[in-house]
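Working notes, beginning with the structure itself.
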Protein chains: 2
Amino acid sequence: MKNGGIPNEMKLELQIKMNPSLYLRDPEQSELGKNIIKHSIQLIHDNGFEAFTFKKLAESIGTTEAGVYRYFENKHKLLIYIISWYWGWIQFQLNYQTNNIKDPIIKLKKVITLLSTNVEDDITTGHVDESQLHQILISEGSKAYLTNHVEKDNQQQFFKPYKDLCNAVGDIILECNPKYKYPHSLASTIIEMAHLQNFFMNHLPSLTDFSKSKSESEIIKYLEDLVFNAIRD
Amino acid sequence: MKNGGIPNEMKLELQIKMNPSLYLRDPEQSELGKNIIKHSIQLIHDNGFEAFTFKKLAESIGTTEAGVYRYFENKHKLLIYIISWYWGWIQFQLNYQTNNIKDPIIKLKKVITLLSTNVEDDITTGHVDESQLHQILISEGSKAYLTNHVEKDNQQQFFKPYKDLCNAVGDIILECNPKYKYPHSLASTIIEMAHLQNFFMNHLPSLTDFSKSKSESEIIKYLEDLVFNAIRD
DNA sequence: TTATTTATGATAGTAATACTATTATTTGAA
DNA sequence: TTCAAATAATAGTATTACTATCATAAATAA
């Protein structure tokens, strides 16, 4: 046995359900597949998506290019895969953390904090480093949809996890103020700005007002101020 | 003479000052150079930046790949060039349109409208189609800085026009409310969201609340609501 | 147990991309 | 008219993004 004698049904591993159209062979079902995910995250995090190639990935794993191509058609689908995984994981965290909270204001604050904070690596997901994934989302997240084939990808439901999250946040916004007119736009603004203000803070600080402390808590304060002023009656 | 006998000093052409580090040879100074800009905008608009190559560009102009490389080191610098040109042009429009306006609230509204509206082609800029450029900014704008060489590019002042605009908008925000704590972050939020909500509206409409009318005026209303609630005392 | 599917490894090959280099020809300014 | 600069034409390289083939190892079914 490969996992040191621990029966599969005893491992407490969090599984995120993925869209099968994203892959050719399910990477969760083999060691090679899990290595592809793990090393992709590492390489994209370290060198950016443009510099990432299946050849480098194969070398880093110790397999061949053809081996990677058996799992993913191309690097763009692999990017969408790991990004979808991230949004699924965030959705899980959101449900978990807001489970017993009644006050929608507190829920919305939780959302803002969750999206803006660089999490610790979640040990219940062996082959995924959530902290690196969060960094990838900041720098590469929008590249998933900023293509000339967005609509084709959207038809195949590639952005469902993102849209589900946006809807969930929109619902919380409506709980806070049922009359607010732009719950989805405000939700997508929160999600995108949590990442973009972080990118600006670290790389183009004059586009923000966080240059002194360079801390995530400043972004959270900005977003809370923005959001709660927008939705108050 | 190529321009039909009209002396150069009589042409009323708007010139945007560009950072010379962006090019090898100034494209404004020759017909070939102007063609490179014109056809680049056309091709990136039509097929997206990923599908854009110097070979296709050369073919579309009727020159060779080597000819294009004499003007621009690579396609990324060419993208930054046309994006910088756009921000320079927007800055000019902003100064022009808010020139005699005293009320900062009206100025800020002008900014939001300017950034959110797909302009008519400006005839004072012969080889540039501003309407296509606006579409390029929506789909490709963030790719200018979402790279692993942002900081190097930033050191070379490649993002100065964008930062200048952000500062100008930040100043208007402070005129509206000198106590507002996040003028730069709010400015970059306005600029980015004017484009991103437009992209979402057209390609991933469930991320917005504009799916019915799909009109820019809805985005303007959303942004005005967001901004003026954020900055009110 | 053997037979057989299935995943992987190893290797090769192609078309396109992102360049660099060389030489010849044209153009336009002094 | 001369001379320098810009352009055109052509060739060539390394890398990328794939596809195809065949052998072998591991899991599984008969």
Side-chain angles (χ1 to χ4, degrees), chain A residues 1-3 5 7-8 20 22-40 43-44 47-81 127 140 143 147-149, chain B residues 1-5 7-9 20 22-40 43-44 47-81 127 140 143 147-149:
Chain A
M1 272 193 209
K2 280 183 186 161
N3 55 9
N8 285 329
L22 286 170
Y23 51 77
L24 300 170
R25 205 195 293 304
D26 184 355
E28 298 279 347
Q29 301 304 317
S30 73
E31 281 307 306
L32 178 57
K34 285 178 193 167
N35 266 322
I36 288 173
I37 302 308
K38 182 179 176 176
H39 287 81
S40 294
L43 286 175
I44 295 173
N47 313 309
F49 184 62
E50 274 70 45
F52 172 76
T53 71
F54 276 8
K55 194 173 188 194
K56 288 178 197 165
L57 174 60
E59 275 162 20
S60 133
I61 297 170
T63 183
T64 57
E65 234 181 318
V68 179
Y69 276 106
R70 259 179 236 119
Y71 281 83
F72 290 97
E73 232 179 293
N74 53 54
K75 71 172 188 168
H76 190 253
K77 284 199 177 173
L78 175 45
L79 179 69
I80 297 186
Y81 181 94
H127 55 296
E140 324 289 347
K143 293 173 191 170
T147 67
N148 59 336
H149 47 88
Chain B
M1 271 193 214
K2 280 184 182 158
N3 56 8
N8 285 329
E9 64 275 16
L22 286 171
Y23 51 76
L24 299 170
R25 204 194 294 303
D26 184 355
E28 297 279 347
Q29 300 304 315
S30 74
E31 281 308 305
L32 178 57
K34 284 179 193 165
N35 267 321
I36 288 173
I37 302 306
K38 183 179 177 175
H39 287 82
S40 293
L43 287 175
I44 296 173
N47 313 309
F49 184 63
E50 274 71 44
F52 172 76
T53 70
F54 276 8
K55 195 173 187 192
K56 288 178 197 164
L57 173 60
E59 275 163 21
S60 134
I61 298 170
T63 184
T64 57
E65 233 182 321
V68 179
Y69 276 106
R70 252 177 253 120
Y71 281 83
F72 290 96
E73 233 180 293
N74 53 55
K75 70 172 187 168
H76 189 252
K77 284 200 177 173
L78 176 46
L79 179 69
I80 296 186
Y81 181 94
H127 55 296
E140 323 289 346
K143 293 173 191 170
T147 68
N148 59 335
H149 47 88

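To find a chain, count down the sequence lines: A is the first, B the second, and so on, and within it residues start at 1.
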How long is the line joining [atom1] of [X] and [atom2] of [N], in whole Å?
{"X": "A:Leu57", "N": "D:dC18", "atom1": "CG", "atom2": "P", "result": "13 Å"}
{"X": "A:Leu78", "N": "D:dA17", "atom1": "CG", "atom2": "P", "result": "12 Å"}
{"X": "B:Gln29", "N": "D:dA5", "atom1": "CD", "atom2": "P", "result": "16 Å"}
{"X": "A:Arg25", "N": "C:dT5", "atom1": "CZ", "atom2": "C1'", "result": "12 Å"}
{"X": "B:Glu59", "N": "C:dT17", "atom1": "CD", "atom2": "P", "result": "10 Å"}
{"X": "A:Asn74", "N": "D:dC18", "atom1": "CG", "atom2": "C1'", "result": "10 Å"}
{"X": "A:Ile36", "N": "C:dA7", "atom1": "CD1", "atom2": "C1'", "result": "12 Å"}
{"X": "B:Leu24", "N": "D:dA5", "atom1": "CG", "atom2": "C1'", "result": "16 Å"}

Check the angle between the aromatic planes of A:Phe52 and A:Phe49 and answer parallel, tilted or perpendicular using the 30° and 60° thresholds.
->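 Ring orientation of A:Phe52 relative to A:Phe49: parallel.
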What nucleotide, of [options], holds the atom closest to the side chain of [X]?
{"X": "A:Thr64", "options": "C:dT11, D:dA17, C:dA18", "value": "C:dT11"}
{"X": "B:Thr53", "options": "C:dA18, D:dT16, C:dA21", "value": "C:dA18"}
{"X": "A:Ala66", "options": "D:dC18, D:dA9, C:dT11", "value": "C:dT11"}
{"X": "B:Leu32", "options": "C:dG9, D:dA8, C:dA18", "value": "D:dA8"}

Distance below 4.0 Å between [X] side-chain N/O and [N] OP1 or OP2:
{"X": "A:Lys55", "N": "D:dT15", "answer": "no"}
{"X": "A:Thr63", "N": "C:dG9", "answer": "yes"}
{"X": "A:Arg70", "N": "C:dA7", "answer": "no"}
{"X": "A:Ser30", "N": "C:dT8", "answer": "yes"}

4.5 Å side-chain heavy-atom contact, B:His76 and B:His149 | yes
Validation row: A:Ile37, A:Phe72 side chains within 4.5 angstrom (heavy atoms) = yes
Just call it for A:Tyr71: base, sugar-phosphate, or nothing, with non-hydrogen atoms closer than 4.0 Å on any strand.
-> sugar-phosphate
Classify the nucleic acid contact of A:Phe54 as base, sugar-phosphate or nothing, counting any heavy atom under 4.0 Å across all strands shown.
-> nothing
For atom NZ of B:Lys38, is the number of surrounding heavy atoms from other residues, nucleotides or ligands below 6.0 Å larger than 12?
->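 Not buried by this count: 12 neighbours or fewer within 6.0 Å.
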Return yes if the base of D:dC18 and the side-chain atoms of A:Glu73 contain a donor-acceptor N/O pair under 3.5 Å, otherwise no.
-> no
Just by distance, with hydrogens left out, do B:Ser30 and B:Tyr71 show a side-chain donor and acceptor under 3.5 Å apart?
-> yes
